[in-house]
Amino acid sequence: MQGLKPSQLTALNRLFNRRFPAADVYTPEQAREIALLSRALGRQLGLLIDRKGRVQTVLVGEAGSILIPQLARGRSGQERLRGLRLLHTHLTPEGVSQEDLMDLLFLRLDAVIALSVNPAGEPIQWQAAHLLPRAVEGLPYHLSAPQAWTRTAADFAATAQALEDELARVAAVGREAANTPRALLVSVSALPRLVQERNLDELAALAHTAGLTVAGRMVQRVTQVNPRLILGKGKVAELEVQALQGRADMLVFDGELAPAQLHNLADITERKVMDRTQLILDIFAQHAVTRAGKLQVELAQLRYTQPRLVGKNRAMDRLMGGIGGRGPGETKLETDRRKIRERMARIRTALDQLRRQRAFTRARRARQGLPVAALVGYTNAGKSTLLNTLTRSEVLAENKLFATLDPTTRRLRFPAARELVLADTVGFIRNLPKELTEAFQATLEELESADLLLHVADAAHPDLLQQIAAVEDTLTQMDLDRVPRLLLLNKWDQLAAPARAQLADALPQALPLSAHSGEGLPALLDALELRLLHPAHALVVPQGQTPQA
Ligand SMILES: Nc1nc2c(ncn2[C@@H]2O[C@H](COP(=O)(O)OP(=O)(O)OP(=O)(O)O)[C@@H](O)[C@H]2O)c(=O)[nH]1
Ligand SMILES: [Mg+2]
């Protein structure tokens with residue numbers, strides 16, 4: 001502490017010995033003591049007091065402000081408050097300030113109490129604020145009327161306890177999804193609200209796949225996204241309150257957060273912060289099965305995390321390691337830059353090796369002369385289900401995004417002992433993070449040697465056309481647009497006659513079918529036979545045109 005006299009230091013130290021009353025703001029002597037000391041210092045003076053009335057921390061601020069250092073995350077259950085109230089002085093008659101309210105919200109304090117001190121160093125009046133279990137008239141906190149300093153009755157510990165009980169009661173109501181992390185989904189962008197809402201629908205589906213419970217959503221439309229600070233402190237405060245009331249453990253932002261944005265957020269909120277890319281990476285980490293798949297995911301995670309690490313800051317553990325610290329290969333992600341670089345190099349070598357092995361398998365398959373058809377398409381379109389139905393196999397098919405992450409192949413037998421290989425692949429998604437396109441190239445490498453790409457689309461999805469376009473774009477990016485393609489409109493069973501007619505009109509080259517009901521499958525088998533088992537025929541059929549029977 002600079003610029004303090006030894007006598008002042010002694011006086012400050014004495015404050016640690018004060019025991020504050022349970023059902024009062026302070027004793028009159030305590031009020032006089034801190035008022036006088038604060039005035040003598042010419043600075044705000046603050047005490048963090050626990051529920052037993054013990055002083056945990058003594059803070060010396062500036063004349064007009066006080067800064068609370070990082071608090072230990074002892075009572076970190078998100079339904080609970082910090083168990084500390086802040087009693088501090090103001091050297092002006094002003095009551096609880098905006099800054100004080102921010103501290104209340106962000107630090108989940110039991111209460112903040114501002115005691116104003118006159119120029120003579122005497123206490124004048126106090127004002128207090130505490131959080132509410134849900135907003136009243138748009139405000140998440142209650143602000144008391146200013147009280148004369150001599151009116152000392154106020155039971156902050158009891159109020160805090162009641163608030164916690166109420167939060168716990170609300171929590172118990174929806175306990176069915178016990179122990180799954182709860183996420184507040186946030187969209188901040190210049191896009192129209194409706195678009196943002198739809199993107200959040202997809203983010204919600206991703207969150208579901210990742211095993212998160214959606215605790216709420218917030219859409220914020222801005223004219224321009226600030227590259228350093230994605231949201232102002234006031235907006236983050238709103239988020240914080242919504243998270244507290246919805247019992248969210250984490251904030252998941254749609255899109256990609258720049259390193260600076262991530263750090264700024266982590267500086268103000270204590271909740272775990274994640275963006276869409278990390279969410280997708282986390283899903284990949286959960287689902288990858290083969291060694292190559294796991295390595296690719298880990299590489300992608302490391303690449304994404306690396307620029308987002310600056311030194312060892314306290315936010316680190318919340319930025320690292322995905323949901324609940326679940327990293328690739330069950331190991332915790334390294335936080336040390338040098339170690340990250342070494343690990344990345346090792347993974348690259350291992351992947352190269354695996355890639356060579358796979359090329360060998362492909363070459364062998366080619367020697368056997370079996371044609372390969374690969375199922376590609378937007379995630380959840382029904383690729384795995386179709387593979388199952390066609391080959392009666394049991395590849396994992398689930399109503400989750402990204403159920404399939406590793407290439408699976410099955411043989412499909414045609415009459416006269418002819419066969420082809422059918423390959424399932426990882427699903428595509430809009431705005432596939434660039435870290436992923438590259439890292440997953442090895443997974444999709446199979447596609448290069450495919451003779452035909454079966455593009456499976458979910459015909460019943462409201463975004464059907466956008467999803468088709470997203471897949472086409474990705475294929476082009478990967479230089480795969482030269483491989484012949486056949487568009488399949490899956491889930492045809494879910495469409496009524498008018499919608500069917502409309503789609504058949506809009507996409508005349510596509511093949512309608514249902515992996516569930518089996519309708520349309522004979523036509524698909526015919527097409528496969530024609531294109532792959534009679535290559536001479538297929539060659540003369542211009543792409544996109546249905547061959548004449
Ligand atoms: N109604 C209907 N549902 C289908 C059909 N085909 C698949 N589904 C359902 O769609 C969901 C997704 O199916 P999957 O086969 O896992 O989809 P996928 O394309 O492999 O998805 P990812 O591997 O996650 O990219 C599952 O709930 C399936 O039961 C269909 O023809 N009709
Ligand atoms: Mg699948």
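Read the numbers this way: they start at 1 and go in the same order the structure lists the ligands and their atoms.
- In the vicinity of T379, heavy-atom distances shorter than 4.0 Å reach the ligand 1 atoms 22 (P), 24 (O), 25 (O).
- Defined by atom type and a distance below 3.5 Å, a donor-acceptor pair is missing between the side-chain atoms of S517 and D493.
- With a 4.0 Å cut-off on non-hydrogen atoms, N380 touches ligand 1 through its backbone as well as its side chain.
- When side chains are defined from C-beta on, L354 does not count as touching Q296, because their heavy atoms never get closer than 4.5 Å.
- At least one donor-acceptor pair under 3.5 Å links the side chain of Q196 to the backbone N or O of S189.
- The distance from ligand 1 to the heavy atoms of Q494 drops below 4.0 Å at these ligand atoms: 1 (N).
- Remark: L184 CG to E240 CD distance equals 9.5 Å, nearest 0.5 Å.
- Considering backbone and side-chain N/O of A515, one or more are found under 3.5 Å from N/O of ligand 1.
- Within ligand 1, counting atoms from 1 as listed, the ones closer than 4.0 Å to a heavy atom of S384 are 15 (O), 18 (P), 20 (O).
- The T385 neighbourhood of ligand 1 comprises atoms 6 (N), 7 (C), 13 (O), 14 (P), 15 (O), 28 (C), with distances under 4.0 Å to a heavy atom of that residue.
- Side chain of Q278 to backbone of D275: a donor-acceptor contact under 3.5 angstrom is found.
- Using a 4.0 Å heavy-atom cutoff, G377 is absent from the residues neighbouring ligand 1.
- By the 3.5 Å distance cut-off applied to N or O atoms, G382 is counted among the residues near ligand 1.
- In terms of heavy-atom proximity, L206 sits nearest to I280 at CD1-CG1, 4.1 Å.
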